[in-house]
Structures are given as C-alpha cells and as structure tokens.
Number of protein chains: 2
Amino acid sequence: MDKEQFVINDFKNPFLGDDAAVVKDQVFSKDLFFEGTHFKREWMSLDEIGYKAMVVNFSDTIAMNAKPKFVLLGLGLPSSIKSSEILELNGGIKRACDEFGAKIIGGDTIKSDKIFISVSVIGELCSKPLLRSAVKNGDLIAYTGKLGSSLKTLNALLRTPKNGFRAGRKSRFFTPILRDKFLYKSAKFLNSAMDISDGLEQDLPKLCKSAKISYKFLKKPLKYELRSGEEYEVLFSFAPKNLAVIRKMAAKCRTKVKIIAKAVKGRCRNNVRKHHF
Amino acid sequence: MDKEQFVINDFKNPFLGDDAAVVKDQVFSKDLFFEGTHFKREWMSLDEIGYKAMVVNFSDTIAMNAKPKFVLLGLGLPSSIKSSEILELNGGIKRACDEFGAKIIGGDTIKSDKIFISVSVIGELCSKPLLRSAVKNGDLIAYTGKLGSSLKTLNALLRTPKNGFRAGRKSRFFTPILRDKFLYKSAKFLNSAMDISDGLEQDLPKLCKSAKISYKFLKKPLKYELRSGEEYEVLFSFAPKNLAVIRKMAAKCRTKVKIIAKAVKGRCRNNVRKHHF
C-alpha cells in the first residue's frame, strides 16, 4: 500500500494535487524532513540540514509562482542535543529564510528520539498560480539546470556513509539551488510548473496525469537524469510559440533550460515502482 | 535547558508569544502531537487521537478570537499500520474539521516508528485578536468550565495504562470541549485570552508576563485546578465593568465561568518548574 497516496485519497478535496494549495492570492504547503528518512546526521552538518529543510519547502511555493512569506516551524529535538547544535540548526534555517525573504512566525518544539523538522509555508502569489493540471496539448516540456548530481551524491553516501563530509559540498544534495528568479520572470509565458523532488521519471507522469494528458520524450533521457530525486529544479510546460522568450529569460537569469518532451493527447501511465512504506 | 524556550528566544520576532501569530486578518498556529510524548496508543482509540490532535490546535485559533479555516496536515505513520487504522485516525481528524468548519488543504505523509501528527491551522479573525499582552491593570481573570479532570484521568492512566479504555470517556483528556461559542460572543468585552494547555499554574503567569503585569488570586486554587494541563478551557481577562454582560453570555452558552484572580501592577514571577527536556 502506498500510504501517502492512501491518505491523500481519503482526504480528497479540490485543493490537493499541486506543490501547494491555492486559496485566493495565497499558497500553503507543508513538508516533513526527518532524520533517517530524509537525511543522516553523518551526511550533513546541522546548518546544511536546517537550510535544506527550508529550501525544499520554499521550492514548492516558488514552483507555484508564489513568494514564501511566512513559516511555521515544528522541531523535534533529542534530549541530548547541545545548545550549540540547536544554534547551528537554527542558523541554517535562518539563512534560508533570509535568502528568500520569509519570516518564522510560529511553531512548536518537542522532544523526539531523532531530529525532525516540520515546515509549513505561507506564500503570496506573484500573479497566476502555475498548476500541474494546466499542461496543454502540444506544450513543450522542459526543466531547469542539470539533473543527476543529487542521485550520484546519494549513491556515494550510501556506499561510504562515514565519508559523507568528504563528498563534494557543491552537490545539489547538500545545497539545492532554486530557480526563483527564472520562474517569476517567465511565469506568464508558462502553462504549468512543479519542482523535481522525486525524480523526472516520477514527476513528469505526475505533471501530465494531473492535466489528463500524456507526453513523448524528444530523446531518451539518461538514467541519472530520470532517477535523480531531490533536485529541486523546475519542471515546466509552455506553448511552443513562447520558446524564444523563455530562452531569452533563461539566459538573463543564467539558468540552463533543457527541453525534453512534448505534451500529447492520451492517457499517461506511470509504471515506475514508487518507494512505498 | 528548556529547549522550547531556547528555540523561541533564538527566533525572537514580534509574531511569537501568543497561541497563534496574527498577520492582518489571519492567524497562524502549529502544534505537534506525538505518540509517547502526547499520547499512548493503549490510552486512546485512533479516532480519539485524530480528533484530539485537531481540536487542541483549533483551541489556539479560537482563543485568539479567530475561526479555523484551513489545515495543513503532516502525518508520520509506522510501516505496520493497517488501512483500517489509517481510516480510523483520519475519521477523528475529519470529525474535528467538520465540527469546526475547517478544511484540510495540504500536507505530507511519511514513515515513522511512532505515530505523529503535525497540524498547522490558518484561521480568520472574527474581529480584534485577543492577545496575551493586553491584560490591563485591574482586570478580572477567569476561566471557563471546570479544571482538574484531565490531570485526574492522566494520573489514572499512568497508574494502570492497560486500563486506559476503562477510564471514563467523558474526561477532557480524551475529548476536549472548546468554548468557541462563548469566546466569539464575548470577545468584544474581553481584554485578553489564551487556552489552558499547560495548567493554570503555568498558563496564568504566561498570560500576565506577556502583559508585564502581575496577578493576585481571589481565593487559593485547589491543587488539581492549578496543575491540570490539556484542559483547553479558556483563560481570559476583562474590565470589571463587563462582568454582568460576560455572565449573561456565559449563561446563554451554558458555559461556566470562574473568576479566580485580579490583574495587579508588578512583575510576575513563575517559580513553577516546567517539564524540560
């Protein structure tokens, strides 16, 4: 049983199904970031853990074409954690908030065996929300940046966990890079967007299924390109007539854009096994 | 070290310090509800756990004089949990949402050794927010309902955990009763309010400290009255001239009101040991 999908289905309502829920000019999203499930202490510093927990949440807000404004922060901390460690974790959290202009306005802190961070973000829409369901037949489908480094780092860490800190610190796995500037600039020329958190082979079918449409790859993607999750690049679609202006904006923001597929009529199937629990 | 206070101090900002953060006409709050820390499986049914996790959060929103509108729900579920158990938990969650007119608009579900529920509530202010800092010198301080049953139940459960289900199910410990009707009706005659979650001996000093004021008991409270947490009755203050109208409204809502103290000038001390972790 896919418990996440089971819960989503049980709470079915028109707000669910995107990176964030849209209510008037606001978007609301929530993500949980858990030791053991999403990170290991030996892999990352507490500053990196705090920073990543926040930006992966901001990533959802940004993919909707909204700016993260307010944050509710839930922390689970082990009894044994030192003040200096809490300050380091908080340091990463604050750094991310400062960078994206968000304010922490409330939260809760409790004792927990493992560290966990529960983040709720309240965002303000810049203009129209970019919904997954708005992919149109004939749209070009593209993503920002380069995919693969996150999975490569994860595999290296799984092989030699103790060497976590020796892995290249520039990997997206440690420090995701969000494409907020490109997204806000180009939003009016896009039809849909979402962030790549589970990997292209999961997220592309998700995008198209929402829109009751299918896709055709222009060229078969590479294994790392397909399977690398936690990339937080933006997957988006747009009418072919907007290609030139999108390329121009991408160049202005120094953001690479790779066109990978075309939206076509049909029913989208996702045969990839998900990591159920 | 009180880690919760340490975290609050480190994130110090003008939004913190009340049951919920006020931004324009909205209030935002978040609470974590954890197996082991806040409840034990043998004490309560999953339906009761789901219901309580929600209403203790709505309690914060209501104490601010706001209506809970939207909920972001984070669930941690063990791998071994059955579909029927998830449905029972969700049943309690939905029941609470229906009762208070709130909608679940998003969330996250992950694997966790123990059940946890992270709830963020977005509320809409009915009129002015009821802030803790607004207690005025000379105010009468009162609470709704009757305090003590929650601690009595907790003590009974701690003595004989296996007998959890034999304890009286009407205890506030299992099913908190919120005073939303009374609060919304009387809000304009109140100066301040908060809910009683940690017990009167913790919460009354909290209220007065926020307002940089002290208090004097009219009559020494009983031990159970002082120490019983998780009551979710409303602690509030008001100018003595409003006493008659407040009594009238309380009678209309069939809500007992007990006046316990008077706000006086001075520095409020809280010498009660908190349960640090």
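Every chain is numbered from 1, with letters handed out A, B, ... down the list of sequences. Side-chain atoms are counted along with the backbone in the values below, which use heavy atoms only and exclude waters and symmetry mates.
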*asked:* So, applying side chain to side chain contact (heavy atoms under 4.5 Å, CB included) with B:Val7, which one of A:Leu87, A:Ile104, A:Thr109, A:Asp108 is it?
replied: A:Thr109
*Examine whether an atom of A:Asp113 lies under 4.5 Å from a heavy atom of chain B, and if so say whether it belongs to the side chain, the backbone or both; otherwise answer neither.*
side chain
*Donor-acceptor pair, B:Lys3 side chain versus A:Ser79 backbone, under 3.5 Å?*
yes
May I have the list of side-chain donor-acceptor pairs in residues 89-98 of chain B shorter than 3.5 Å, sequence neighbours left out?
residue	atom	partner	partner atom	Å
B:Asn90	ND2	A:Asp10	OD2	2.7
B:Lys94	NZ	A:Asp10	O	3.0
B:Lys94	NZ	A:Asp10	OD1	3.0
B:Lys94	NZ	A:Asp10	OD2	3.4
B:Arg95	NH2	B:Asp47	OD2	2.5

*asked:* Between A:Val22 and chain B, with a heavy-atom cut-off of 4.5 Å, which part of the residue counts as in contact: side chain, backbone, both or neither?
replied: neither
*Can you name the side-chain hydrogen bond (donor to acceptor under 3.5 Å, both in side chains) partners of B:Glu85, sequence neighbours left out?*
B:Arg41
*Non-hydrogen atoms of chain B under 4.5 Å away: do they reach the side chain of A:Lys114, the backbone, both or neither?*
side chain
*For chain B, find its close neighbours in residues 115-128 of chain A: heavy-atom separation under 4.5 Å, sorted by number, or none.*
A:Phe116, A:Ser118, A:Val119, A:Ser120, A:Ile122
_Structural part of B:Lys69 lying under 4.5 Å from a heavy atom of chain A_ = neither
*Looking at B:Ile8, B:Leu73, B:Asp18, which one has more heavy-atom pairs under 4.5 Å with chain A than the rest?*
B:Leu73
*Toward chain A: residues of residues 29-39 of chain B with heavy atoms under 4.5 Å*: B:Ser29, B:Lys30, B:Asp31, B:Leu32, B:Phe34, B:Thr37, B:His38
*Could you look at A:Phe6 and say if it's the side chain, the backbone, both or neither that has a heavy atom under 4.5 Å from chain B?*
side chain
_Gap separating the CZ atom of B:Phe70 from the CD atom of A:Gln26, nearest 0.5 angstrom_ = 9.0 Å
